[in-house]
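Below, chains carry the letters A, B, ... as their sequence lines are ordered, and counting in each starts from 1. Side chains included, hydrogens not; waters and symmetry mates left out as well; all remaining heavy atoms used.
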There are 2 protein chains.
Amino acid sequence: MIGLPTDTIFYKIEKAIKSYRKFAQKQIQNAVPGITLDQALVLMIIKNKPDLTQMDIGQLFFKDYASITRMIDSMIKKDYITKTTDQNDRRRSNICVTDMGNEVLKMVLPIIERNRALILEGLSDREIEDAGATLTKMVTNCEEKVVELAS
Amino acid sequence: MIGLPTDTIFYKIEKAIKSYRKFAQKQIQNAVPGITLDQALVLMIIKNKPDLTQMDIGQLFFKDYASITRMIDSMIKKDYITKTTDQNDRRRSNICVTDMGNEVLKMVLPIIERNRALILEGLSDREIEDAGATLTKMVTNCEEKVVELAS
DNA sequence: ATTTATTATTTGATATATCAAATATATAAA
DNA sequence: TTTATATATTTGATATATCAAATAATAAAT
């Protein structure tokens with residue numbers, strides 16, 4: 001019999017990301033009620049890379065395009081961002097952080113920074129880097145193996 | 001300005017688990033159409049630890065109890081498992097893998113085994129263990145910091 | 001210049017997740 | 001023994017995710 005799911009590295013990965021998300025979500029909602037962690041992170045990205053399309057954002061966050069559409073909608077409803085159709089390519093939308101969105105960012109950024117520090121407390125740069133490299137290898141394997149198995 | 005979400009270890013963790021899930025989900029559905037990765041993993045756990053309550057299963061998989069109730073329901077509808085109220089403690093349910101569930105397991109286990117091997121190809125036991133230890137430290141931090149911030 | 005193909009986004013149907021409140025049973029306390 | 005408290009599960013409301021198909025605009029091919 002093969003090992004139980006709970007004994008694998010995949011389980012540990014899942015546990016780590018869910019713990020972090022639950023933690024971060026809680027702290028962020030504390031600062032800005034009703035906001036989700038993903039909305040805060042997307043807001044950061046839009047602010048820093050205003051030229052990204054919805055597709056780009058979807059890929060960055062590993063989300064379905066439909067999902068992004070609805071997330072963007074909900075962020076517009078909350079007045080965090082605006083959306084206008086790009087005049088050079090009318091299929092695209094230009095997404096822009098509003099004043100309200102900037103206010104939210106101002107409140108949320110220090111929380112995010114603190115969250116990161118708290119969760120990584122006691123971990124050396126080296127071990128974080130190593131863990132990242134290992135995870136990246138797994139991602140690479142996924143990409144390669146999908147292709148191999150398909151052919 | 002603090003680092004972009006995409007530059008953090010958290011992002012790499014998320015990317016790794018999502019890649020793995022997408023990969024595994026695809027392979028498993030190939031063998032048993034309509035099944036989800038989580039259903040397959042829960043089936044494995046129930047088979048190996050028949051005494052777990054729904055709450056136990058929920059905690060193991062980091063899922064809301066409501067979520068587990070509905071997942072169990074859906075697995076019953078698919079004839080993978082049965083549920084009977086425990087006669088010693090009538091609040092609890094005893095969950096049992098059906099013949100159909102065992103058939104599914106038989107088809108799915110080799111796939112899961114292969115998935116793991118493929119995704120971990122080229123990674124040493126040592127580095128997997130180290131990465132796991134790092135992730136576990138993060139989980140511990142989450143647990144500790146939640147308590148500290150609450151008090 | 002039309003047709004065809006590609007790209008970006010949206011919509012609908014359905015599944016899954018999450019929160020709060022409700023139910024049902026068991027245990028502890030008065 | 002009744003009342004209160006805790007535990008296990010369920011339900012309803014709502015949010016989010018996912019797949020397939022639809023729409024709309026651009027780019028490529030004939």
What is the separation between atom [atom1] on [X] and atom [atom2] on [N], rounded to the nearest whole Å?
| X | N | atom1 | atom2 | value |
| --- | --- | --- | --- | --- |
| B:Arg92 | D:dT10 | CZ | C1' | 17 Å |
| A:Met55 | C:dT7 | CE | P | 8 Å |
| B:Arg21 | D:dA17 | CZ | C1' | 12 Å |
| B:Lys78 | C:dA15 | NZ | P | 9 Å |
| B:Ile68 | C:dT16 | CD1 | P | 12 Å |
| A:Arg90 | D:dA27 | CZ | P | 13 Å |
| A:Leu52 | C:dT7 | CG | P | 18 Å |
| A:Asp89 | D:dA25 | CG | P | 11 Å |

For the side chain of [X], counting heavy atoms from C-beta on, which of [options] is nearest?
| X | options | value |
| --- | --- | --- |
| B:Ala66 | C:dT11, C:dT9, D:dG12 | D:dG12 |
| A:Asp64 | D:dC19, C:dT25, C:dA17 | D:dC19 |
| A:Arg91 | D:dT26, C:dT9, D:dA8 | D:dT26 |
| B:Tyr65 | D:dT10, D:dA13, C:dT9 | D:dT10 |
| B:Gln54 | C:dT9, C:dT18, D:dT9 | D:dT9 |

Pair [X]-[Y], side-chain donor/acceptor within less than 3.5 Å:
| X | Y | result |
| --- | --- | --- |
| B:Ser74 | B:Gln39 | yes |
| A:Lys145 | B:Asn115 | no |
| A:Glu129 | A:Ser124 | no |

Criterion side chain to side chain contact (heavy atoms under 4.5 Å, CB included) on B:Ile28 and B:Ile112, from CA distance to verdict: CA-CA 7 Å; B:Ile28 283 177; B:Ile112 291 178; 3.8 Å; yes
Donor-acceptor pair present, B:Arg70 side chain and C:dT18 base, under 3.5 Å: yes
Upstream residue (5' side of DNA chain C) when A:Gln25 and A:Ser93 are each assigned their closest nucleotide: A:Ser93
Neighbours of DNA chain C within residues 29-47 of chain A, by heavy-atom distance under 4.0 Å: none
Check: B:Phe61 ring centroid to A:Tyr11 ring centroid under 6.0 Å: no
I want to check one thing: is the phosphate of [N], taken as OP1 and OP2, less than 4.0 Å away from some side-chain N or O of [X]?
| X | N | value |
| --- | --- | --- |
| B:Ser67 | C:dT16 | no |
| A:Thr69 | C:dT9 | no |
| B:Lys63 | C:dT18 | no |
| B:Lys83 | D:dT10 | yes |

Donor-acceptor contact below 3.5 Å, side chain B:Gln29 vs main chain B:Ile35: yes
Contact nearer the 5' end of DNA chain D, comparing A:Gln87 with A:Ser74: A:Ser74
Sequence-distant partners of B:Phe23, ring pair (Phe, Tyr, Trp, His ring centres under 6.0 Å), two or more places apart: none
Residues clustering with A:Tyr65 (ILVMFWY side chains joined when closer than 4.5 Å, directly or via others): A:Met55
